[in-house]
K.L.:
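One structure, as structure tokens, below. Some questions next.
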Amino acid sequence: MSTPSSTTTATTATRAATAATATLDVARVRRDFPILATTARGKPLVYLDNANTTQKPEAVIRATDRFYREQNANIHRSSYVLSEVATAAYEGARERVRAFLNARSTREVVFTRGTTEAINLVASSFGSAFVKEGDEILITGMEHHSNIVPWQLLCARTGATLRVIPIDDRGALVLDDLHRLLTERTKLVSVVHLSNALGTLNPVRAIVSYARAKGVPVLVDAAQSVAHLAVDVQALDCDFLAFSGHKLYGPTGIGVLYGKESWLEKMPPYQGGGDMIASVTFEKTTYAELPHKFEAGTSNVAGGAALTAALDYVTALGLPAIAAHEKELLAYATARLAELPGLRIIGQAPEKASVVSFVLGDVHPHDVGTVLDTEGVAVRTGHHCAQPVMDRFGVPATVRASFGLYNTREEVDALVAGLRKVREVFG
Amino acid sequence: MTGLTDLYQEVILDHNRAPRNFGALPDANRSGIGHNPLCGDQLTLYVHVSEGGRIDSIAFQGKGCAISKASASLMTEAVKGKTVEEAEALFGRFHDLLAGPEGGPADPKALGKLAVFSGVREFPTRVKCATLAWHTLHSALAGGGKETTTE
Ligand SMILES: Cc1ncc(COP(=O)(O)O)c(C=O)c1O
């Protein structure tokens with residue numbers, strides 16, 4: 001909707017006001033994603049695997065293309081103008097991420113390959129400086145393997161112990177146990193913001209304030225949440241936060257570790273190499289300033305340029321509008337799925353977003369996935385890299401539909417029709 | 001025609017609902033465990049091989065998708081009474097049916113009932129489901145006793 005206006009300021013103000021209350025024009029945004037117009041097995045693609053990775057808008061595809069056509073050079077290293085252009089693109093991405101997360105400074109924004117590498121960075125660097133035998137790391141029962149295994153490796157290295165906040169039958173955290181499990185031995189709490197397996201939205205703000213009172217830092221795995229709600233690191237007051245570009249309509253191979261400067265200053269480098277040093281002699285090396293201390297080797301510069309485009313895209317649509325649309329869609333999907341006999345939703349926490357995981361009678365999720373595939377419907381089936389969650393609910397796997405800003409009610413209907421077909425095949 | 005009716009043929013659905021040779025085999029002298037970590041499928045295979053090298057009884061237990069369950073069930077029927085070498089050769093032909101060179105195995109008739117799995121070819125992600133039981137049989141016969149995984 002465009003509002004005619006005589007002055008630029010008025011237009012900007014109107015746009016801002018519209019963005020805050022706007023509903024998403026889904027038909028229009030779908031046209032921004034070329035892949036949504038394609039077919040799968042001869043049917044229109046119904047892409048409901050957004051928790052796995054999201055599709056990319058034209059703007060992101062174009063930014064990648066443009067980077068290699070017009071801006072490509074290595075960064076921070078050369079004396080010529082093209083290198084300055086590339087450096088500006090990359091450091092511009094860092095500023096874009098800072099603004100997106102409302103971090104205090106770009107010194108707090110470290111680029112990584114993704115969430116997994118960001119968590120590994122903290123486990124390795126924070127771990128080697130601050131974790132020793134007898135200490136504890138506290139995670140939750142709904143973590144992705146990437147927020148379990150790095151801590152297990154750290155514990156194996158140091159003799160620390162991994163503790164787990166349990167989840168209840170609905171798939172919500174048992175917060176009373178946080179109080180029991182967070183002790184003077186706890187060195188770090190690492191918790192998923194939005195569960196990829198269950199869709200549970202965790203009360204991260206409350207967890208941080210509780211941990212803060214005990215002086216324990218908190219890492220937030222925001223791999224899922226950043227695409228579905230506005231995340232403000234100062235409001236959350238978390239010490240670390242990790243996410244991946246590719247789940248946020250951006251490219252693969254780039255992600256972010258946000259870390260409070262006070263922690264990052266005290267942490268040793270993660271990897272050694274070029275770009276992370278100030279000076280090197282065989283006797284002594286001094287490290288580069290934050291955040292470069294943590295970015296060894298040639299970075300994913302094109303990824304940075306494309307990430308900027310993704311953040312611009314999402315911000316222009318407005319996360320509140322995206323969240324409202326997805327909330328409506330999740331409620332619609334939950335209601336429609338309930339119509340199907342034998343369907344059991346795994347994960348019915350009071351606070352949820354964008355993910356619905358389920359099993360259909362005793363039909364194996366893999367078979368459900370294949371039948372849906374023949375209808376052009378892409379869902380994920382399996383354990384979603386969260387085997388402990390599957391064990392908790394006594395299922396080997398689930399079917400998971402996860403929504404993004406471009407999904408529609410009609411696509412939910414296609415999912416439900418596909419599931420009826422599963423019933424026809426398997427009885 | 002969608003590949004769906006080719007994939008889930010009635011024989012497969014039937015063996016999924018009512019798997020044959022399902023259960024333990026107390027006098028087994030070979031066994032193997034198969035595991036597909038991607039979907040959590042798990043299968044235990046029990047085999048009795050006679051002194052002459054013939055599979056005279058075979059059974060399986062476990063859970064899995066329709067393709068893996070039906071494949072295990074049909075495999076037990078297909079290899080019972082065969083020599084170890086014959087069973088291995090059949091595995092080779094079965095593999096060609098699913099994922100071998102275009103056009104499938106040279107002699108599809110030699111597959112008998114197992115030919116119902118030809119539809120799997122169109123769904124490469126499901127090949128592992130259909131071959132899990134066979135890989136497990138292979139390692140049980142080899143006597144490794146080690147868990148077989150599809151990964
Ligand atoms: C909650 C959560 N954490 C971490 C990850 C890992 O992200 P990546 O594979 O992009 O590093 C994922 C991806 O599925 C996730 O859903």
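To find a chain, count down the sequence lines: A is the first, B the second, and so on, and within it residues start at 1.
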K.L.:
Using a cut-off of 6.0 Å, state whether more than 12 heavy atoms not belonging to B:His48 lie near its atom NE2.
P.N.:
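Yes, enclosed.
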K.L.:
Roughly how far, to the nearest 0.5 Å, is CZ of B:Phe123 from CZ of A:Arg41?
P.N.:
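A:Arg41 CZ to B:Phe123 CZ: 4.5 Å, rounded to 0.5 Å.
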K.L.:
For chain A, which residues from residues 58-69 of chain B lie under 4.5 Å away (heavy-atom distances)?
P.N.:
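The residues closer than 4.5 Å to chain A, in numerical order, are B:Gly64, B:Cys65, B:Ala66, B:Ile67.
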K.L.:
Suppose the criterion is salt bridge (charged side-chain N to carboxylate O under 4.0 Å, His left out): which pairs have a residue in residues 144-154 of chain A, not counting sequence neighbours?
P.N.:
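Listed by first then second residue: nothing to list.
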K.L.:
If we define contacts as heavy-atom pairs under 4.5 Å, which of A:Gln387, A:Met390, A:His383 has the most with chain B?
P.N.:
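Of A:Gln387, A:Met390, A:His383, A:His383 has the most heavy-atom pairs under 4.5 Å with chain B.
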K.L.:
With sequence neighbours left out, what residues match B:Arg54 under side-chain hydrogen bond (donor to acceptor under 3.5 Å, both in side chains)?
P.N.:
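Here no residue qualifies.
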K.L.:
When you check the side-chain N and O atoms of A:His364 and B:Asp41, is any donor under 3.5 Å from an acceptor?
P.N.:
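Distance-only check passes for A:His364 and B:Asp41.
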K.L.:
Going by ring-ring contact (aromatic ring centres under 6.0 Å, His included), name the residues that satisfy it together with B:Trp134, two or more places apart in sequence or in a different chain.
P.N.:
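B:Trp134 satisfies ring-ring contact (aromatic ring centres under 6.0 Å, His included) with B:Phe91, B:Phe94 once adjacent residues are dropped.
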K.L.:
Can you say whether B:Tyr8 sits under 4.5 Å from chain A via the side chain, the backbone, both, or neither, judging by heavy atoms?
P.N.:
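It is the side chain, since no backbone atom gets that close.
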K.L.:
Please find the pair of heavy atoms, one from B:Leu4 and one from A:Lys421, that lie closest to each other, and give the distance.
P.N.:
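Answer, listing the atom of B:Leu4 first, then A:Lys421: CD2-CE, 4.0 Å.
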K.L.:
For the pair B:Arg17 and A:Asp362, find out whether any cationic side-chain nitrogen is under 4.0 Å from an anionic carboxylate oxygen.
P.N.:
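The answer is no: the pair does not qualify as a salt bridge.
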K.L.:
Rounded to the nearest 0.5 Å, how far does CG of B:Leu13 lie from CG of A:Asp367?
P.N.:
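It comes to 9.0 Å.
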K.L.:
Is A:Arg423 atom CZ crowded by more than 12 heavy atoms from other residues, nucleotides or ligands, each under 6.0 Å away?
P.N.:
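Counting other residues, nucleotides and ligands, CZ of A:Arg423 exceeds 12 neighbours.
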K.L.:
What distance separates A:Asp373 CG from B:Thr125 OG1, expressed to the nearest 0.5 Å?
P.N.:
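It comes to 7.0 Å.
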